2 protein chains.
Amino acid sequence: MDESKHRPPKSKASSSPVPKAVVSRLSLYLRELQHHVREGQETTNSGQLGAQLGFTDAQVRKDLAYFGQFGYPGIGYRCDELIKKIRIILGTDVQWPVALIGVGNLGRALLGYKGFRHQGFRIAAAFDANPKMIGRTIEEVAVSDLANLSEIVQTHNIKLGLLAVPAEAAQTAADQLVAVGIEGILNFAPVTISLPEHVSQVGIDLAIELEQLSFAVLKQRPAAD
Amino acid sequence: MDESKHRPPKSKASSSPVPKAVVSRLSLYLRELQHHVREGQETTNSGQLGAQLGFTDAQVRKDLAYFGQFGYPGIGYRCDELIKKIRIILGTDVQWPVALIGVGNLGRALLGYKGFRHQGFRIAAAFDANPKMIGRTIEEVAVSDLANLSEIVQTHNIKLGLLAVPAEAAQTAADQLVAVGIEGILNFAPVTISLPEHVSQVGIDLAIELEQLSFAVLKQRPAAD
DNA sequence: TAGATTGTTAATCGATTAACAATC
DNA sequence: TAGATTGTTAATCGATTAACAATC
């Protein structure tokens, strides 16, 4: 049976899938626009926005075009307006309650990180396997037993999880998060974790980022030292 | 004058520039290989390595081919051997002393992070603007005044910097790092910083990573909640 | 030898850039 | 109106995948 015979004609409705790179640039545009507003700038344009981030003007316009028409020909973009639009696209026009798993070194830093709030995230609950941690309150967030994960995730309607546990514990913890209905995991553990298709994942491996830097530095001076 | 007439014939020597995406996958291969070794696996192959990370076998082989021939037809790759090769490529076959700027929440977590050491990095010095922090020792690293940056960077032969200061202070601190000869900066501040061409930069913006997750989760359930 | 898997070339696919009519 | 800048299409560029001879 020839599948192609049964494909619906390409319609505008089946909106082209948005490349991941576009979405990450969207976040950069947002950050830059917020900076503009703090500086008192009311409008900007694709040329300026791109130059500051090292992209071409065409790329900025193309990226935004995936989601709609936000600019004014001859003028550019109104910062506050575009900020609102991008936040709606990213889903951060409303605040997401987030669960933190693991309150070790890194977990506690995340609890204290002030940058989340303004961008639409709030750590609503924290968990740890260590009995000595359970019951403590850090940065006004109580540390709970993982046994209570399901209940707390439900009451706070939590969809996102920050995974800040040791590498050996990461997959198990991730499985627990999936089991209680978490839909997205930001994984700080330096291991690959497997998740079902419907659960999104972003990984941050601090050592890997330093490796990228190491390579870049080495490349600069081909045969040095 | 026709430049093309004077181009040297393409030689293997003028190695094609390596795409950034290739290098970041290289780090993932390394992490996976190290995991294999911990599990007692001696060899692997492009199919296995790719499957675990969600890449095709062809991609794995192509990526590695940028740097040389590391495999054995019919066999695959010897894990310990490939690990060594990748570390040399990334530059982490030797340990890099790193400077940390800012010992707030995040900076202290970085000081305590155990994952750096095994991958070839060591925080050799820490700095802060806050007089109350200067003189303290955290995780066996003394916190120094930024006034001593130049001297300490030189004595430890530090090339890489971790920038964990507030957004407002990031550009100034980056300028100071550049001034003392730092060649690469891992920037945790949620702002775009401008650096001279010869200084490499990698940025980690925690809120942006969560935004990517938010978007991905939203996409999963088109019109929900 | 037969089976497996590499390294590499060619084909495909997707993303970026250039160009320009439309518009403020 | 003239000047600036958008949104969008077509052209270019680069990255991924498929295919396969070479090799263990």
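Values reported hereafter were calculated over all heavy atoms of this structure, with side chains retained and with hydrogens, waters and symmetry mates removed. Just so it is clear, the model here is predicted, and its values are computed rather than measured. First the proteins, then the strands, lettered A, B, ... as listed; each starts at 1.
With dT16(D), dT17(C), dT6(C) as the candidates, the nucleotide lying closest to the side chain of N45(B) is dT6(C). With dC24(C), dT8(D), dA18(D) as the choices, the nucleotide that has an atom nearest any side-chain atom of P73(A) turns out to be dC24(C). Of the listed nucleotides (dT16(D), dT6(D), dT17(C)), dT16(D) has the atom at the smallest distance from the side chain of R25(B).
Residues L149(A) and I101(A) are in side-chain contact: their nearest non-hydrogen atoms beyond the backbone lie under 4.5 Å apart.
The distance from atom NZ of K62(B) to atom P of dA15(D) is 9 Å, rounded to the nearest whole Å. As rounded to whole Å, 16 Å separates atom P of dA15(D) from atom CG of L64(B). Between the P atom of dG7(D) and the CZ atom of F67(A) lies a distance of 13 Å, rounded to the nearest Å. In this structure, NZ of K20(B) is placed 13 Å from P of dT16(C), rounded to the nearest angstrom. When the P atom of dG7(C) is taken as reference, atom CD1 of I75(B) falls 12 Å away, rounded to whole Å. When rounded to the nearest whole Å, the span between CG of D63(A) and C1' of dG7(D) equals 13 Å. One can place CG of D57(A) at 11 Å from C1' of dA19(C), the figure rounded to the nearest angstrom. Rounded to whole Å, the distance from CG on L82(A) to C1' on dT6(D) is 13 Å.
The pairing partner recorded for dT8(D) is dA19(C), the criterion being a Watson-Crick or G-U wobble arrangement whose two distances lie under 3.5 angstrom. Across all strands shown, dG14(D) is found opposite dC13(C) as a Watson-Crick or G-U wobble partner, with both distances under 3.5 Å.
Exactly one residue among Q95(A), R87(A), Q34(A) makes a side-chain hydrogen bond (donor to acceptor under 3.5 Å, both in side chains) with Q119(A). That residue is Q34(A).
Checking the phosphate oxygens (OP1, OP2) of dG7(C), no side-chain nitrogen or oxygen of R61(B) falls inside 4.0 Å. For the pair Y72(B) and dA22(D), the criterion of a side-chain N or O lying under 4.0 Å from OP1 or OP2 is not met. Between dG7(D) and Q69(A), no contact under 4.0 Å exists linking OP1 or OP2 to a side-chain N or O. Within the 4.0 Å cut-off from OP1 or OP2 of dA18(D), not a single side-chain nitrogen or oxygen of T56(B) is found.
Within the nucleic acid shown, F70(A) comes within 4.0 Å of sugar-phosphate atoms alone, with no base atom in reach, counting heavy atoms only. Among the heavy atoms of the strands lying under 4.0 Å from Y77(B) are primed sugar atoms or P, OP1, OP2 only; no base atom is included.
D63(A) places no side-chain N or O within donor-acceptor distance of the main-chain N or O of V22(A), the cut-off being under 3.5 Å.
To the nearest 0.5 Å, atoms CG (L177(A)) and NZ (K159(A)) are separated by 13.0 Å.
Geometric assessment of R122(A) against the ring of F116(A) yields a negative cation-pi assignment under the 6.0 Å and 45° thresholds.
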